[in-house]
Amino acid sequence: MDIYEIPLQNNAPNFEITTVINDENLKIKIRSLDNKTYMDLTCNNTIIFQGLRCDANTSLTASFKYKGIKGDLMFFSETGGSVFYTGFGSEFILYYKADN
């Protein structure tokens, strides 16, 4: 099992990043609203989900394996709770666990 940290921009409430991990081309769109964070995820040009609310220490992709994503995406936090952009890179770390 390989675990990768996906660096996020501190103090940016809305942004999009792309990265390739374990042969999966990931496009992640982050939107923050009312002290909550929402994510759109595309993997290899397939929409995995849109507008999913992000909570710490909870898999974002477990319910979407049938759409072809192989890994597991999750925000880690020692405190838990709702993810918010002001804690990116410190309180909330985005990890991708690759299925081998």
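The analysis underlying the following values was restricted to heavy atoms, covering all of them including side chains, and did not include hydrogens, waters or symmetry mates.
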Phe92: which residues meet the ring-ring contact (aromatic ring centres under 6.0 Å, His included) condition with it, sequence neighbours left out?
none

Is there a path from Leu33 to Val83 through hydrophobic residues (I, L, V, M, F, W, Y) whose side chains come within less than 4.5 Å of each other?
no

Following the transitive rule for hydrophobic clusters with a side-chain heavy-atom cut-off under 4.5 Å over Ile, Leu, Val, Met, Phe, Trp and Tyr, establish whether Tyr38 and Phe84 coincide in one cluster.
no

Please assess Leu26 against Val20 for the test side-chain contact (heavy atoms from CB on, under 4.5 Å), listing each intermediate value before the final yes or no.
CA-CA 6 Å; Leu26 304 175; Val20 178; over 6 Å; no

Does any non-hydrogen side-chain atom of Lys29 lie less than 4.5 Å from one of Met39?
no

Is there side-chain contact between Thr18 and Ile28, with at least one heavy-atom pair below 4.5 Å?
no

Which atom of [X] lies closest to which atom of [Y], heavy atoms considered:
| X | Y | result |
| --- | --- | --- |
| Ser32 | Thr37 | OG-OG1, 3.6 Å |
| Gly71 | Thr61 | O-OG1, 3.3 Å |
| Asp55 | Ser82 | OD1-OG, 3.5 Å |
| Tyr4 | Ala98 | CE1-CB, 3.9 Å |

Gap between atom [atom2] of [Y] and atom [atom1] of [X] - 0.5 Å precision:
| X | Y | atom1 | atom2 | answer |
| --- | --- | --- | --- | --- |
| Asn14 | Ile30 | CG | CD1 | 9.5 Å |
| Phe76 | Glu91 | CZ | CD | 11.0 Å |
| Thr19 | Ile6 | OG1 | CD1 | 6.0 Å |
| Met74 | Thr58 | CE | OG1 | 6.0 Å |
| Phe64 | Leu52 | CZ | CG | 5.5 Å |
| Leu60 | Asp72 | CG | CG | 8.0 Å |

Using salt bridge (Lys or Arg N to Asp or Glu O under 4.0 Å) as the criterion, list what pairs up with Lys36, not counting sequence neighbours.
none

Charged N-O contact under 4.0 Å between Asp40 and Arg31:
yes

For residues 42-50, run the donor-acceptor check on the side chains, cut-off 3.5 Å, and write out each pair with its distance to 0.1 Å, sequence neighbours left out.
residue: Asn44; atom: OD1; partner: Asn25; partner atom: N; Å: 2.8

Side-chain donor/acceptor of Asn57 to backbone N/O of Ser77, under 3.5 Å
yes

List the steps, then state whether side-chain contact (heavy atoms from CB on, under 4.5 Å) holds for Asp2 with Lys97.
CA-CA 6 Å; Asp2 295 323; Lys97 181 177 76 171; over 6 Å; no

